[in-house]
Trainee: 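The structure follows.
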Amino acid sequence: MTEETEKRKADHIKICLEKKAQAKKATTGFEDIQLVHRALPEVDRAKISLSTSFLGKRLSAPLIVGAMTGGTEAATQINGAIAEAVEKLGIGMGVGSQRAAIEDPKHEKTYKIARKKAPTALLIANIGGVQLVHGYGLKEVNKAVEMIDADAVAIHLNAVQEALQPEGQNSFKGILAKISEIAGELEKPVIVKETGCGISAEDATSLEAAGVKAIDIGGVGGTSFAAVEYYRLTNGKIIDEAFWDWGIPTAVSLVETTQTVKLPVIASGGVRSGLDVAKSLALNANLASISQPVLEAAVKGAEKTEKLLSRLIDELRTVMFLVGAENVEFLSKVPLIIGGKTAEWLNIRGFDTVKYAQRSTLTVEY
Ligand SMILES: Cc1cc2nc3c(=O)[nH]c(=O)nc-3n(C[C@H](O)[C@H](O)[C@H](O)COP(=O)(O)O)c2cc1C
């Protein structure tokens with residue numbers, strides 16, 4: 001990895017910690033989703049089961065930490081803290097793009113720390129989809145997987161970021177065929193993930209046909225890579241904010257994807273609370289994933305990271321209690337109301353928003 005790339009990676013971390021690189025006017029759409037309160041939940045909060053399985057791996061809660069870092073000095077500490085916390089909690093994590101270590105083995109330790117500190121947790125390797133168009137193939141993806149003994153690999157899509165970076169790679173031509181090739185040949189499952197601009201129904205259909213095993217929809221409403229690049233380019237002073245909020249809001253992307261494909265789906269992009277996780281699962285996501293707030297905790301250590309994630313899990317348990325869900329499966333069937341701009345968007349795109357409100361898990365007991 002060149003010094004320039006290393007600096008870019010360090011800049012991303014610094015900006016995401018020090019600036020407001022979050023969606024500005026756009027929101028996730030979670031505010032348009034209401035779960036129906038049960039005054040008679042008929043469950044014991046302490047006995048609610050949050051456990052689930054994802055791509056054959058057991059998780060004690062339907063939550064993972066999203067891909068963030070590797071390849072810089074600070075990354076070892078950050079990945080180590082996240083790994084320690086997720087191992088303790090029995091959940092999972094992704095590491096950041098492993099290109100740095102594929103190009104220079106001296107960076108491997110900044111990723112390997114994850115498996116070292118999380119010997120049993122779900123670990124997801126990471127590689128850029130655009131890299132596959134520009135020379136990477138099965139060999140490099142395998143290297144990323146083996147480096148951290150990963151359970152799966154995420155191929156990330158970041159067209160906005162590549163378009164805005166002066167050094168960005170602007171050709172994505174042939175990317176689906178490359179994803180399909182890797183998905184067909186790799187022994188581990190391939191997840192395709194967006195990085196904050198969302199996945200449409202049409203792209204979800206293409207990815208399912210390409211043989212990927214899961215989709216992380218990475219929608220608008222949380223970290224904005226257009227914002228990150230804006231700060232990098234302008235030092236916060238000038239110009240182009242046009243793409244700051246570009247993309248498909250998380251709740252919209254989630255409905256478009258879950259109503260269109262049969263694949264497991266990860267909800268991410270602005271997931272900030274246990275309530276957001278519960279809404280994601282009620283919208284039929286299999287897991288939710290959170291990134292930027294965990295970065296803030298991870299620089300302070302494993303304990304703070306564990307505390308943040310535990311708080312989210314505990315809040316999820318409370319929501320499940322209040323909607324009478326004794327397990328994660330039940331949560332995917334509870335009635336909910338979709339209103340506001342999220343319903344408007346989905347209705348214009350031809351998706352059924354009423355069916356969620358008409359779901360009935362209400363049992364009558366006399
Ligand atoms: C500092 C930082 C670095 C990131 N680097 C990567 C990366 O290397 N690969 C990737 O797939 N996603 C990367 N992401 C995107 C996240 O995985 C996630 O999709 C995005 O931040 C939205 O989630 P959030 O709103 O919870 O932060 C990064 C995010 C942050 C904050």
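Order of listing sets the numbers, starting from 1, for every ligand and every atom in it. The figures here come from the full heavy-atom set of this structure, side chains too, leaving out hydrogens, waters and symmetry mates.
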Trainee: Give the intermediate values and the outcome of side-chain hydrogen bond (donor to acceptor under 3.5 Å, both in side chains) for residues Gln22 and Ser224.
Mentor: CA-CA 5 Å; Gln22 301 292 296; Ser224 158; over 6 Å; no

Trainee: So with a 6.0 Å cut-off around NZ of Lys178, is the heavy-atom count from everything else above 12?
Mentor: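 Yes, NZ of Lys178 has more than 12 neighbouring heavy atoms, counting only those of other groups under 6.0 Å.
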
Trainee: So is Gly270 in contact with ligand 1, going by heavy-atom distances below 4.0 Å?
Mentor: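 Distance cut 4.0 Å: Gly270 passes for ligand 1.
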
Trainee: Counting only heavy atoms not in Glu303, do more than 12 fall under 6.0 Å of its CD?
Mentor: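 Counting neighbours around CD of Glu303, 12 or fewer heavy atoms of other residues, nucleotides or ligands fall under 6.0 Å, so no.
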
Trainee: So which heavy atom in the protein is nearest atom 14 (N) of ligand 1, and how far is it from that ligand atom?
Mentor: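 Minimum-distance protein heavy atom for atom 14 (N) of ligand 1 reads Ala67 O, 3.1 Å.
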
Trainee: Over all heavy atoms of both residues, which pair between Thr52 and Val328 is shortest? Give the atoms and the distance, please.
Mentor: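 Heavy atoms only, the tightest pair is OG1-CG1, 4.3 Å.
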
Trainee: Give me the one residue out of Arg58, Arg115, Glu87 that meets side-chain hydrogen bond (donor to acceptor under 3.5 Å, both in side chains) with Thr120.
Mentor: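 Going through the options one by one, the only one that passes is Glu87.
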
Trainee: Would you mind finding which of Gly196, Ser291, Pro293 brings a heavy atom closest to atom 23 (O) of ligand 1?
Mentor: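 Among Gly196, Ser291, Pro293, the closest heavy atom to atom 23 (O) of ligand 1 comes from Ser291.
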
Trainee: Check this for me - ligand 1, Leu295, N or O atoms closer than 3.5 angstrom, yes or no?
Mentor: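 There is no such contact.
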
Trainee: Under a 4.0 Å N-O cut-off, is there an ion pair linking Lys88 with Glu84?
Mentor: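 Judged by the 4.0 Å cut-off on N to carboxylate O distance, Lys88 and Glu84 do not form a salt bridge.
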
Trainee: So is Thr69 in contact with ligand 1, going by heavy-atom distances below 4.0 Å?
Mentor: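 Outside the 4.0 Å threshold, so no.
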
Trainee: To check your reading of the model: name the closest protein heavy atom to atom 9 (N) of ligand 1, its residue, and the distance in Å.
Mentor: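 For atom 9 (N) of ligand 1, the nearest protein heavy atom is Asn126 OD1, 3.2 Å.
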
Trainee: Hey, which atoms in ligand 1 end up nearer than 4.0 Å to a heavy atom of Gly222?
Mentor: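 That gives atoms 25 (O) of ligand 1.
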
Trainee: Quick test of your reading of the structure: of Gln292, Gln22, Lys14, Arg272, whose heavy atom lies closest to atom 25 (O) of ligand 1?
Mentor: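 Selected option, by shortest heavy-atom distance: Arg272.
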
Trainee: Does ligand 1 come near enough to Ser268 that some N or O of the ligand is less than 3.5 Å from an N or O of the residue?
Mentor: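 Between Ser268 and ligand 1 (N or O atoms, distance only) the closest approach is not under 3.5 Å.
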
Trainee: Salt bridge check: are Lys307 and Asp314 linked by an N-O gap of less than 4.0 Å?
Mentor: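 Asp314 and Lys307: not salt-bridged.
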
Trainee: Decide, yes or no, whether a salt bridge links Lys341 with Glu344 under the criterion of side-chain N to carboxylate O below 4.0 Å.
Mentor: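 Glu344 and Lys341: not salt-bridged.
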
Trainee: So, for Leu157 and Ile175, which heavy atoms are closest and what is the spacing to 0.1 Å?
Mentor: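 Scanning both residues completely, I find the closest heavy atoms to be CD2-CD1, 3.8 Å.
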
Trainee: If the cut-off is 4.0 Å to any non-hydrogen atom of Ser97, which atoms of ligand 1 fall inside it?
Mentor: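 Taking each heavy atom of Ser97 in turn, ligand 1 has 7 (C), 8 (O), 9 (N) under 4.0 Å.
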
Trainee: Can you find a pair of side-chain heavy atoms, one from Leu283 and one from Tyr356, that are under 4.5 Å apart?
Mentor: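 Sidechains of Tyr356 and Leu283: in contact.
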
Trainee: Please confirm whether Gly269 comes under 4.0 Å of ligand 1, counting heavy atoms of the residue only.
Mentor: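 Contact present.
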
Trainee: Is it the side chain, the backbone, both or neither of Cys16 that has a heavy atom closer than 4.0 Å to ligand 1?
Mentor: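 Cys16 to ligand 1: side-chain contact only, backbone stays beyond 4.0 Å.
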
Trainee: Within the structure, does Thr195 bring an N/O atom to less than 3.5 angstrom of an N/O atom in ligand 1?
Mentor: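 Min N/O separation from ligand 1 is not below 3.5 Å for Thr195.
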
Trainee: Which option, His12, Lys193, His156, Met68, owns the non-hydrogen atom nearest atom 12 (N) of ligand 1?
Mentor: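 Residue with the shortest heavy-atom distance to the ligand atom: Lys193.
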
Trainee: Of the side chain and backbone of Thr223, name the one, both, or neither that has a heavy atom under 4.0 Å from an atom of ligand 1.
Mentor: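 The part of Thr223 near ligand 1 is both the backbone and the side chain.
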
